[in-house]
Amino acid sequence: MKILVTGGAGFIGSHLIDRLMEANHEVICLDNFYTGHKRNILRWMDHPYFELIRHDITEPIRLEVDQIYHLACPASPVHYQYNPVKTVKTNVLGTLNMLGLAKRVKARFFLASTSEVYGDPEVHPQPEEYRGSVNPIGIRSCYDEGKRMAETLAFDYHRQNDVDIRVVRIFNTYGPRMLENDGRVVSNFIVQALSGQPLTVYGDGSQTRSFCYVSDLVEGFIRLMNSNQTGPINIGNPGEYTILQLAQTIQQMVNPNVEVQYRPLPQDDPRRRQPDITKAAQLLGWQPTVELRPGLERTIADFRDRMTANGTVSQDLSGTTVTAS
Ligand code: NAD
Ligand code: UDP
């Protein structure tokens, strides 16, 4: 099949492209390199079935494809809040353009939505039926409401124009290739621990998140795309941890000598988050397979390699081996 991946040079998109290329599909990666990087897709650059197009999805594009995985959108608060109006444009105009493309060429359209559509949830864990508690005017709204509108557009194109859609709601995902300056909690703590800096816990660290390893997520994507379900379907790992527990785990695994430092909690920071994955299990036969510690171990190894190469890993840590206990 000829498959378009928007945001394919990013963290999740590049892992998805690896899977699609390994399955012998023809892949077009569309990216404006806002948070993505060529190094993530370097191994495919000379492959005859791979094509990279530098393009901003807020502008229309004409292509012939069978499936579209639509991931283009900055995912970390630091990046999506840097230019919030652009984040709205990417989610609304960008998704509109990609749905228009899907309609014209009759491609199946897969939307990477998010657990952020549940906002600061009053229902725990969050099932797909829960309609969420989102602040429409806060600093996270450009992303949360942008993704809610992207879902609306997908379902309206489905009802009005018969576009074949798949919608996944992704919960916090981590793994190799996350950006070092991403600002997300897993990357921040690993970078801080490896460079001997204090781990910055926002608030008292009692807020929770559930962390899914990227290969599990990609497996869920492929199952949903090739199923007969439109979704929305939650994909995430139900293992729920407080942020302080995560800090202590990474501290233990990388550098027991670094301190934990408390910082103010950002505005509208959700108190807790855990996916109800009953639907993914029943309808797709999917469940996560990578536990937090082994997932962190692989992620830490990737950060260590990159940081050793650019000389930012703390000297006394560059030779140590991380082991899961
Ligand atoms: P990422 O920032 O690594 O990847 C996003 C990619 O989209 C980047 O390569 C970026 O350059 C590209 N992009 C951004 N705006 C664009 C535009 N206007 N035109 C073209 N390309 C553009 O983020 P990620 O973690 O890989 O997230 C991928 C998708 O998954 C996003 O849609 C995100 O909202 C969703 N998601 C991610 C998580 C997570 O925990 N990582 C959680 C929920 C949802
Ligand atoms: N967080 C933290 N220290 C950091 C970065 C994030 O304590 O250095 C907290 C943040 O306030 C939130 C949680 O970790 O409660 C997850 O943050 P992230 O940005 O990774 O994801 P999101 O809030 O979008 O789920």
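All ligand and atom numbering here is 1-based and tracks the order in the structure. Nothing here was measured: the structure is a model prediction, and the numbers come from that model. FYI, the numbering just counts along the sequence from 1.
Listed by number with element, the atoms of ligand 1 under 4.0 Å from a non-hydrogen atom of His55 are 19 (N), 20 (C). Interface atoms of ligand 1 facing Gly10, defined by a heavy-atom separation under 4.0 Å, are 3 (O), 4 (O), 8 (C), 9 (O). Close approach of ligand 1 to Phe33 is summarised as follows: ligand atoms under 4.0 Å from at least one heavy atom of the residue are 11 (O). Listed by atom number, the atoms of ligand 1 under 4.0 Å from Gly36 heavy atoms are 8 (C), 9 (O), 10 (C), 11 (O).
For atom 23 (O) of ligand 1, the closest non-hydrogen atom of the protein is Ala75 CB, 3.5 Å. In terms of protein heavy-atom proximity, atom 29 (C) of ligand 1 is nearest to Leu71 O, 3.3 Å. The protein atom (non-hydrogen) at minimum distance from atom 9 (O) of ligand 1 is Asp31 OD2, 2.5 Å. Among protein heavy atoms, atom 3 (O) of ligand 1 sits closest to Phe11 N, 2.9 Å. The protein atom (non-hydrogen) at minimum distance from atom 5 (C) of ligand 1 is Cys73 O, 3.3 Å. Nearest protein heavy-atom neighbour of atom 39 (C) of ligand 1: Arg184 NH1, 3.1 Å. Among protein heavy atoms, atom 43 (C) of ligand 1 sits closest to Ile170 O, 3.2 Å. The nearest protein atom to atom 34 (O) of ligand 1, hydrogens excluded, is given as Tyr143 OH, 2.5 Å; this is a heavy-atom distance.
A donor-acceptor pair is defined here as one N or O able to donate and one able to accept, closer than 3.5 Å; such a pair exists between the side chain of Arg148 and the backbone of Val117. The main-chain N or O of Thr242 is found under 3.5 Å from a side-chain atom of Gln245 such that the two form a donor-acceptor pair. Of the possible donor and acceptor atoms, none in the side chain of Tyr118 sits under 3.5 Å from a partner among the backbone N and O of Arg273. Side-chain N or O atoms of Arg166 include one that pairs as donor or acceptor with a backbone N or O of Gln229 at under 3.5 Å. Here the side chain of Asn97 pairs a donor or acceptor atom with the backbone of Thr58 at under 3.5 angstrom.
Annotation: cation-pi pair Arg140/Tyr143 absent, no NZ/CZ under 6.0 Å from the ring centroid and within 45° of its normal. For the pair Arg209 and Tyr241, the cation does not sit on the ring face, since its NZ or CZ is not both under 6.0 Å from the ring centre and inside 45° of the axis.
For Thr173, heavy-atom contacts with ligand 1 shorter than 4.0 Å involve the backbone as well as the side chain.
Ranked by closest heavy atom to atom 26 (O) of ligand 1, the top entry among Thr6, Ile12, Asn32 is Ile12. Between the choices Thr87, Asp56, Thr114, Asn40, the shortest heavy-atom distance to atom 18 (N) of ligand 1 belongs to Asp56.
With respect to the salt-bridge test (charged N to carboxylate O, under 4.0 angstrom), the residues Arg177 and Asp182 do not qualify. Under a 4.0 Å N-O distance rule, the pair Arg272/Asp120 does not qualify as a salt bridge. In this structure, Asp164 pairs ionically with Arg108, as a charged nitrogen and a carboxylate oxygen lie closer than 4.0 Å.
Screening residues 15-41 for ring-ring contact (aromatic ring centres under 6.0 Å, His included), with sequence neighbours left out, gives Phe11-His15.
Exactly one of Arg263, Gln261, Gln192 qualifies for a side-chain hydrogen bond (donor to acceptor under 3.5 Å, both in side chains) with Thr200. That residue is Gln192.
At under 3.5 Å, a nitrogen or oxygen of Ile57, whether backbone or side chain, sits near a nitrogen or oxygen of ligand 1.
Protein residues lining ligand 2, listed by chain and number: Pro77, Glu116, Arg140, Asn172, Gly183, Arg184, Val185, Asn188, Phe189, Thr200, Val201, Tyr202, Gln207, Arg209, Ile243, Pro266, Asp269, Arg273 [non-hydrogen atoms, distance under 4.0 Å].
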